[in-house]
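Heads up, the thing below is written out as structure tokens.
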Amino acid sequence: MPELQRLDAGHAPAVLAFELANRAYFAASISDRGDEFYDRFTERHDALLAEQEAGIGAFYVLVAEDGSVLGRFNLYRFTEEGTAELGYRVAQHAAGRGVATETVRELCRLAAARHGLRTLKAATTHENVASQKVLAKAGFIPVGPADPAHIGGKPGTWYQRDLTAAPGISAT
Ligand SMILES: CC(C)(COP(=O)(O)OP(=O)(O)OC[C@H]1O[C@@H](n2cnc3c(N)ncnc32)[C@H](O)[C@@H]1OP(=O)(O)O)[C@@H](O)C(=O)NCCC(=O)NCCS
């Protein structure tokens with residue numbers, strides 16, 4: 001069974017392999033990270049771990065039994081009011097099997113129980129139908145337009161989920 005693990009230094013090689021193997025796939029629906037991300041990957045990984053250590057973000061990897069990374073699920077920009085932004089990406093070879101939907105639901109539970117968060121927000125483009133479905137099925141609702149500058153220059157929508165309310169997860 002794949003396991004959702006808190007990001008640590010030991011994950012760096014598997015995360016880099018995941019990002020490289022899926023670079024073109026991700027770039028079809030979200031902004032490419034740019035060459036610098038890959039060239040300076042260790043620095044970037046260490047910076048994330050420092051953010052996590054400082055309590056302003058929480059980063060997770062879904063790890064397969066062979067140690068490879070199937071997906072990344074991140075909570076960014078914690079506020080004093082208990083809000084955070086959610087971001088995620090799933091490997092192409094694992095797509096379309098409910099991995100993102102199931103893991104976002106699990107992360108919502110962890111966000112409240114482990115990180116004390118009250119609200120999660122996520123922005124996605126109008127054309128990213130898969131991501132919209134993931135959010136809707138995990139109980140997020142659209143709350144307004146997203147600044148295109150935030151999501152790769154394309155129009156989109158902010159979604160939000162109140163973690164203090166009843167789960168509100170649709171069964172379909
Ligand atoms: C968005 C993403 C995380 C979805 O991951 P996933 O594990 O394949 O998602 P799920 O299997 O949980 O599928 C969610 C729904 O989207 C649908 N879907 C998947 N790919 C789709 C596509 N290309 N077009 C339309 N619908 C799609 C699935 O059929 C499913 O709907 P259903 O339950 O009604 O059948 C993945 O496609 C990805 O990593 N994309 C690139 C990064 C990205 O867009 N991240 C989100 C940024 S906001």
Side-chain angles (χ1 to χ4, degrees), residues 1-7 11 14-38 41 44-45 48 51 57-66 68-78 83-111 117 119-163 167-172:
M1 280 285 285
E3 191 187 343
L4 192 62
Q5 299 176 0
R6 192 86 182 262
L7 188 72
H11 289 125
V15 171
L16 178 57
F18 163 85
E19 293 287 354
L20 285 168
N22 293 287
R23 184 172 180 179
Y25 172 64
F26 294 149
S29 44
I30 52 174
S31 296
D32 182 59
R33 295 197 191 268
D35 290 339
E36 197 185 336
F37 172 85
Y38 301 92
F41 179 79
R44 177 69 191 128
H45 195 79
L48 276 184
E51 266 183 54
F59 310 116
Y60 288 87
V61 278
L62 186 68
V63 181
E65 279 170 22
D66 66 0
S68 64
V69 169
L70 295 176
R72 302 185 71 180
F73 297 84
N74 293 329
L75 300 170
Y76 297 99
R77 298 191 186 92
F78 288 13
T83 296
E85 286 179 33
L86 166 68
Y88 45 85
R89 45 183 63 203
V90 168
Q92 185 170 16
H93 73 81
R97 292 188 222 147
V99 168
T101 301
E102 192 182 320
T103 313
V104 168
R105 286 173 175 166
E106 185 178 349
L107 192 59
C108 286
R109 287 190 286 274
L110 284 177
L117 293 165
T119 309
L120 290 188
K121 296 165 61 177
T124 190
T125 60
H126 295 322
E127 61 191 45
N128 197 340
V129 177
S131 186
Q132 290 165 35
K133 284 192 174 177
V134 168
L135 292 170
K137 294 208 302 183
F140 285 72
I141 53 166
V143 291
D147 181 352
H150 198 83
I151 42 177
K154 296 176 183 164
T157 302
W158 275 108
Y159 288 75
Q160 194 162 302
R161 178 169 164 192
D162 178 359
L163 301 173
I169 293 170
S170 100
T172 53

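When a ligand or atom number is given, it counts from 1 through the structure's own listing order. Here the structure is a predicted model, which is why all the values come from computation and not from measurement.
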Distance (rounded to the nearest 0.5 Å) between R44 CZ and Y38 OH: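 Here the interatomic distance stands at 12.0 Å.
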CD (E51) with more than 12 external heavy atoms under 6.0 Å: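 It does: E51 CD has more than 12 such atoms within range.
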State whether the shortest distance between N or O atoms of [X] and N or O atoms of ligand 1 falls below 3.5 angstrom.
X	answer
G96	yes
V129	no
G98	yes
T101	yes
Y88	yes

Closest candidate by heavy atom, reference atom 26 (N) of ligand 1, pool A130, A94, G71: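 Heavy atom nearest to atom 26 (N) of ligand 1 belongs to A130.
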Option nearest atom 2 (C) of ligand 1 (shortest heavy-atom distance, choices A146, A100, G152):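 Answer by nearest heavy atom: A100.
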Part of K137 within contact of ligand 1 (heavy atoms, under 4.0 Å):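 The answer is the side chain of K137.
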Per-residue contact class, I151 against ligand 1 - non-hydrogen pairs under 4.0 Å: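 Within the 4.0 Å criterion, I151 makes no contact with ligand 1.
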Contact atoms of ligand 1, heavy-atom distance to [X] under 4.0 Å:
X	answer
R97	11 (O)
F26	39 (O), 41 (C)
A123	48 (S)
T124	48 (S)
S29	40 (N), 41 (C), 44 (O)

Quick one: side chains of residues 147-158, donor-acceptor pairs under 3.5 Å with protein atoms, not counting sequence neighbours, listed by atom name and distance.
residue, atom, partner, partner atom, Å
D147, OD1, A149, N, 3.0
H150, NE2, E85, OE1, 3.3
K154, NZ, E127, OE2, 3.0

Ligand 1 contacted by A91 (non-hydrogen, < 4.0 Å):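 Under 4.0 Å: no for A91.
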